[in-house]
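Worth saying up front: this structure is predicted, and the values here are computed from it rather than measured. Labels below follow one simple rule: chain letters A, B, ... track the order of the sequence lines, proteins then strands, and each chain is numbered from 1.
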Protein chains: 2
Amino acid sequence: MVEKHKKPTLKDVAELSGVSVISASRVMSGGPNISQNLRRKVELAAKSLGYQRNRIAGSLRGQTSDLVSVILPSMSNNVFPNIMDGLSESLQDTPLRLVLGMTQYSNVKEEDILRDMLSWNPAAVVLAGLEHSAETRALLATYDGPIIEVMDTDGEATDIAVGVSQIAAGELIARHFTSRGYRNVGYIGAWGERPVRSRKRRIAFEAELEKLGNPIKAVRICEEASSIMIGAREMERLLAENEHVDAVFFANDDLALGALLYCQREKIAVPQDVAIAGFNGMEMAQMISPCLTTLRTPRFEMGRMAGELLCQRIEGTLARKQSVHELPVTLILGETS
Amino acid sequence: MVEKHKKPTLKDVAELSGVSVISASRVMSGGPNISQNLRRKVELAAKSLGYQRNRIAGSLRGQTSDLVSVILPSMSNNVFPNIMDGLSESLQDTPLRLVLGMTQYSNVKEEDILRDMLSWNPAAVVLAGLEHSAETRALLATYDGPIIEVMDTDGEATDIAVGVSQIAAGELIARHFTSRGYRNVGYIGAWGERPVRSRKRRIAFEAELEKLGNPIKAVRICEEASSIMIGAREMERLLAENEHVDAVFFANDDLALGALLYCQREKIAVPQDVAIAGFNGMEMAQMISPCLTTLRTPRFEMGRMAGELLCQRIEGTLARKQSVHELPVTLILGETS
DNA sequence: AATTAAATTGATAACGTTGTCAATCTTCGT
DNA sequence: ACGAAGATTGACAACGTTATCAATTTAATT
């Protein structure tokens, strides 16, 4: 590891190519209205000097950066990585770069991360969910660029929201269970219904069942975070207390898979004795036998659309007003219901 | 969305608090040797003005930024998200921020992303794997900060490598199969063995079997990307051509799970008729029945260690010389072998 | 050919913070 | 009380690019 020489600047490139610094800048930053002759001279000089742009300097002068702040709860399940992939794809032919901060679902962390992110003058901010602390909201109010909230459309968007309707999802599964003839319906959630969008979904699920004359019979919401193991345990408990339950909707696919494994171990026939439905539509859940009935959320598409919308805003081709973009949540009929 | 006023600068804070600009700067950036009196005055003024730091300006003057470039192939499987979580955790109490670029395993994309990332004067660069194009290597040679390569330790590190030994992994599973009495061993890979580390693992697997007097009997490596479905299909084909195969090692857990599902469907007893082992140690694979035998790679720990090492380098508490940090790959004995 | 319009290039200073050195103040030791 | 050492504060200019306006050149129109 040898010490590197002082990096060449545009001044060096300009001198070597015999043009002004600002002309060299225009060439290296892809500006318009450059003659072929001048462009070739500058590119040749830059290459021979090994010139690398200084985006920091450009961002200071230009008053904004090509950084997109992405503040998400975690990368530990497939929801947010899929969103990142979609975001990444829609930004790949732009100079924009994703700067990632993870909150672990903590409001205080979201505030700290957002405050720090704003100090980088980002071109856009992407956040998860529609519910934020007052401090987060105050910070967002000082920000002038596009704010994209992903995941949820059932509430007031700060600026642009891209997601699925938790209410529509809850209603969809309620109608599915009812139309399938299930009359003793249960629900299992975890982690005290954090984030709040899972509670929105459950409430809508219950309300729709009620409207269909098929009121919910059992609800279990534990405090531990979701996992396959928790799904199995909670299914065991719910069935122990409610032996007539014939269908259960789970807050996510991990829980549902855990329940399915529990039923397989206990020789409980699925869906004949009890039907199971999950939420998110994880790939794995579609491949096992019996494949899981689930509500699929279009996470990649969410990320991609978020990326497209923020680009349009940055380009000025999308109006600077609040908008909500709802993507459909899809019932994936499997073999568990 | 109302137009925001011009943002207050340190000059405004300094004027309001009656100190110099540089003193205000020292307070806001956490510098040492500030009297309590002056600090209180500055903090009060900053708060009343709603001052937000300008990290861009500081990075330009200071010649480096608190950005860490992270260049990974994708977020679509659980390997890299786990690494990101580990990285994120070790950096959470630092001012460092992760800037993410995704290559989709393309050398050209890695070069383009790296070139752009370097123009941000990052504090460190994190890359996946030890194999890079000549252009990527040339770009890294112009960079003076810490370079962390994660995933692999079987090759020449550019600077710091953190990962598992693919060779040790291949040898471990070869010994496992042999000690279990399997004498007709197969291997299934996908995507033409991209990235190259999966070929390293297979070659070591085969060599170790050879050394143990138990030469491999069947190898299938298809061109499609890994998935559960591909695993099932390739298992069907391998068994059709090699009906005596009694154990198969897979390039990853997705493939192994697909094979397991295929065997369950075809009433092939696992592990009695054929044993199955995967690679990566995905959580799901440990929870299903029968739970998968697999080699677990410590991805979260990889990310965390990478984060710790780059911090030490930045602080100057780690020597500026090449180093390789190997984490153990662990045989998770399940019910499939 | 002359005039107008569009394209191209350059001059100037701005962006907001902080590295560095010097000056001043405070504390400690004799 | 004085001198030395350490802590604190401020002055100055630097960092590298580009927003903006003007000047010059080139192309199009009459």
Side-chain angles (χ1 to χ4, degrees), chain A residues 4-43 45-46 49-67 95 116 118-123 144, chain B residues 4-43 45-46 49-67 95 116 118-123 144:
Chain A
K4 303 298 190 293
H5 301 298
K6 177 82 171 76
K7 295 164 73 172
T9 65
L10 280 174
K11 185 167 182 290
D12 304 314
V13 174
E15 281 170 1
L16 186 59
S17 54
V19 303
S20 70
V21 173
I22 182 59
S23 287
S25 174
R26 288 194 184 107
V27 173
M28 301 313 297
S29 64
N33 297 328
I34 310 282
S35 70
Q36 281 213 31
N37 181 41
L38 188 139
R39 180 184 302 276
R40 197 173 48 231
K41 283 195 296 187
V42 169
E43 285 173 346
L49 288 169
Y51 171 74
Q52 282 177 354
R53 287 181 74 188
N54 190 321
R55 301 296 295 277
I56 302 281
S59 300
L60 176 61
R61 181 65 190 86
Q63 294 285 296
T64 189
S65 65
D66 282 329
L67 301 172
D116 189 64
L118 292 180
S119 74
W120 286 100
N121 291 334
D144 199 23
Chain B
K4 302 299 189 289
H5 300 297
K6 178 83 170 74
K7 294 165 72 171
T9 66
L10 280 174
K11 184 168 185 286
D12 305 314
V13 175
E15 280 170 1
L16 186 58
S17 53
V19 302
S20 70
V21 172
I22 182 58
S23 286
S25 173
R26 287 194 186 108
V27 173
M28 300 314 297
S29 64
N33 298 325
I34 310 282
S35 71
Q36 281 212 31
N37 182 41
L38 187 138
R39 180 185 301 278
R40 197 172 48 228
K41 283 196 294 185
V42 170
E43 284 174 345
L49 287 169
Y51 171 75
Q52 283 176 357
R53 286 181 73 189
N54 190 321
R55 302 296 294 277
I56 301 279
S59 300
L60 176 61
R61 182 65 189 86
Q63 296 285 296
T64 189
S65 66
D66 282 329
L67 301 172
D116 189 64
L118 292 180
S119 73
W120 286 102
N121 292 335
D144 198 25

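Closest contact between the side chain of A/A57 and the listed nucleotides C/dT18, D/dA7, D/dG16 involves D/dG16. Closest to the side chain of B/L60, out of C/dG16, C/dA11, C/dG19, is C/dG16. Taking only side-chain atoms of B/I34, from C-beta outward, the nucleotide of D/dT9, D/dG16, C/dG10 with the closest atom is D/dT9. The B/R53 side chain lies nearest to C/dT18 when the options are D/dG16, D/dT18, C/dT18. Which of D/dT8, C/dG16, C/dT8 sits closest to the side chain of B/S35 comes down to D/dT8. Which of D/dG10, D/dG16, C/dA11 sits closest to the side chain of A/S20 comes down to C/dA11.
A close approach under 4.0 Å does not occur between any side-chain nitrogen or oxygen of A/T9 and OP1 or OP2 of D/dG16. OP1 or OP2 of C/dG10 sits under 4.0 Å from a side-chain N or O of A/S23.
Atom-to-atom, CZ of A/R55 to C1' of D/dT18 comes out at 13 Å; the value is rounded to the nearest Å. If you take CG of B/L10 and P of C/dT18, they are 7 Å apart, rounded to a whole angstrom. Taking atom CE on A/M28 and atom P on D/dT17, their separation rounds to 10 Å, with Å as the unit. Spacing between atom CG of A/N121 and atom P of C/dC15 amounts to 13 Å, rounded to whole angstrom units. When the C1' atom of C/dT8 is taken as reference, atom CG of A/N33 falls 7 Å away, rounded to whole Å. In this structure, B/N54 atom CG and C/dA14 atom C1' are separated by 13 Å, rounded to whole Å. Following rounding to the nearest Å, A/D12 (CG) and D/dC15 (P) show an atom-to-atom distance of 11 Å. Rounded to an integer number of Å, the gap from CD1 of A/I22 to C1' of C/dC15 is 14 Å.
Between A/Q52 atom CD and B/N121 atom CG the span is 8.5 Å, to the nearest 0.5 Å. Atoms OH and CG, from B/Y51 and B/L10 in turn, are 3.5 Å apart once rounded to the nearest 0.5 Å.
Checked by distance alone, B/R61 brings a side-chain donor or acceptor within 3.5 Å of a matching partner on the base of C/dT18. A donor-acceptor contact under 3.5 Å links the side chain of B/R26 to the base of D/dG10.
A salt bridge between B/R55 and A/D116 is present, with a side-chain N of the basic residue lying under 4.0 Å from a carboxylate O of the acidic one.
For B/S29 (side chain) and B/S25 (main-chain N/O), a donor-acceptor pair under 3.5 Å exists by modelled atom type. Side-chain atoms of B/S59 never come within 3.5 Å of backbone atoms of A/I56 as a donor-acceptor pair (strictly under, hydrogens ignored).
A/V19 comes within contact range of the sugar-phosphate backbone alone, with a heavy-atom separation under 4.0 Å but no base atom that close. Within the nucleic acid shown, A/L38 comes within 4.0 Å of sugar-phosphate atoms alone, with no base atom in reach, counting heavy atoms only.
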